[in-house]
Amino acid sequence: MKLALIGSNVKKSLSALIHRNISFKLGIDLEYKLISIKKEELKDTLEKLKKDGFIGFNVTIPYKEEIINYLYKIDESAKKLNAVNTVKLENGQWVGYNTDGEGFCESLKYLNISAFNKKIILFGAGGAAKGILGSILNQKPKEILVFNRSFDKLEKISKLFLEFKNLKISNNLKEIELQDFDIYINATSVGMTPNDEMMIFDSKILNDKKILYDIVYIPYKTKWLRESKHTKNIEGIYMLIFQAILAQEIWNNKKILEHIDIQELKNICIDELI
Ligand code: ATR
């Protein structure tokens, strides 16, 4: 099976490692090619992949939106978010999907965490945050507050999820009572290498009943998670692994989650990161 990852700079992607391991577990011989291209090369790249026998690919920064222009159709998961991270060749045409949000929620399920009736704060309003929000709202949290430093993206989010009355927005951290939540999700790039010393807020103040999920996975454990000693802390590698498994389910057209040893896959990734 021939798959690929398309982005602007994908030389050091963990996705290749994850997909090779998943395919190995499934007994599938996989070629997973890393393709770094400029925006103008997207159209030709997609044609070439088709000609060369690729049956699908992942899309990463900064082409998750741009790629839509070159796809035959996109499914509901990608339409609402206007972003695609997984593409499959169906009847000779490229079809786009988005597994980011569902990957996040599947990882919560795996870790026995329910968002139902919980008070949640989500930091960030970019592509990743939107995906997470779309999926987590379906789990009926009591309230979800989205914080972002710039207001324009928050307004867009408000419009996108207008039907959810339990969704609130803020761009002023000072007016937020930070102790007030059950689940804290960092979906910004704050704390990502090379800015390892940055935190979205000082997590030391939180107590042991809280859950912290940082979607940043480089470094493997961000300062925001490291400084919060009493809470249940979840590393971004989980979301990365689950969105990859869901992409594999699309490409293989079957459920595969039960065949994957998540802890083993996580350890393989950690070995690569540390
Ligand atoms: P992604 O697709 O990974 O979500 P993105 O769409 O560029 O990437 O979004 C990045 C998010 O991280 C945004 O919410 C951004 O906030 P702004 O909308 O205000 O730019 C947030 N972010 C990045 N650096 C940040 C920083 N230093 N402080 C606070 N938020 C930051």
Side-chain angles (χ1 to χ4, degrees), residues 5-10 12-15 39 42 58-68 74 77-87 96-105 107 120-137 144-161 167-176 178 184-203 212-220 222-225 227 234-244 246-247:
L5 172 65
I6 299 180
S8 62
N9 182 10
V10 294
K12 280 201 301 190
S13 167
L14 264 189
S15 287
K39 189 171 146 185
L42 268 172
N58 286 126
V59 189
T60 189
I61 294 163
Y63 302 134
K64 287 185 178 186
E65 287 184 21
E66 184 65 23
I67 192 79
I68 294 172
I74 55 175
S77 62
K79 205 175 281 173
K80 180 146 185 161
L81 304 170
N82 195 36
V84 160
N85 77 333
T86 301
V87 177
Y97 299 84
N98 195 313
T99 67
D100 282 337
E102 210 193 321
F104 180 86
C105 284
S107 72
I120 301 173
I121 183 164
L122 173 69
F123 295 93
K130 269 195 293 181
I132 291 170
L133 192 58
S135 292
I136 218 166
L137 277 167
I144 180 153
L145 173 64
V146 181
F147 169 85
N148 199 53
R149 63 180 174 181
S150 56
F151 200 69
D152 52 333
K153 280 190 197 147
L154 284 173
E155 280 182 313
K156 281 189 195 133
I157 277 196
S158 261
K159 284 199 192 110
L160 195 59
F161 297 104
L167 173 64
K168 300 194 165 57
I169 54 169
S170 170
N171 67 340
N172 183 358
L173 204 56
K174 288 198 189 88
E175 71 179 20
I176 300 172
L178 277 170
Y184 300 71
I185 305 163
N186 177 37
T188 72
S189 46
V190 176
M192 190 189 292
T193 302
N195 299 311
D196 297 49
E197 288 308 306
M198 280 173 70
M199 286 195 280
I200 197 78
F201 70 90
D202 188 351
S203 54
L212 268 70
Y213 197 143
D214 198 334
I215 72 158
V216 171
Y217 58 86
I218 301 176
Y220 161 63
T222 57
K223 184 173 182 187
W224 190 61
L225 293 186
E227 296 278 297
I234 306 165
E235 302 92 10
I237 200 72
Y238 279 103
M239 180 172 166
L240 189 73
I241 288 173
F242 277 87
Q243 62 78 29
L246 295 179

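Side chains are part of it too, since the values below use all heavy atoms of this structure and drop only hydrogens, waters and symmetry mates. All ligand and atom numbering here is 1-based and tracks the order in the structure. Everything numeric here is computed off the predicted structure, so don't read it as measured data.
Of the possible donor and acceptor atoms, one in the side chain of N186 sits under 3.5 Å from a partner among the backbone N and O of V190.
Heavy-atom distances between K64 and ligand 1 stay at or above 4.0 Å for every pair.
In terms of polar-atom proximity, defined here as any N/O pair under 3.5 Å, R149 does make such a contact with ligand 1. Between A129 and ligand 1, not a single N/O pair is under 3.5 Å apart. Among the atoms of A128, some N or O lies under 3.5 angstrom from an N or O of ligand 1.
Shown in contact with M198 at under 4.0 Å from a heavy atom are these atoms of ligand 1, numbered in order with element: 27 (N). Each of the atoms 25 (C), 26 (C), 27 (N), 28 (N), 29 (C), 30 (N), 31 (C) of ligand 1 lies under 4.0 Å from some heavy atom of V190.
Checking each of I157, I185, L160 against L133 for a side chain to side chain contact (heavy atoms under 4.5 Å, CB included) leaves exactly one that passes, namely I157.
If you look at Y217 and Y238, their ring centroids are not closer than 6.0 Å.
When the side-chain contact (heavy atoms from CB on, under 4.5 Å) test is applied to K156, no partner is found at least two apart in sequence or on another chain.
A 4.5 Å side-chain heavy-atom check between V59 and T86 finds every atom pair outside the cut-off.
For atom 4 (O) of ligand 1, a protein non-hydrogen atom is found at a distance below 4.0 Å.
Counting only N and O atoms by type, the side chains of D214 and T222 include a donor and acceptor under 3.5 Å apart.
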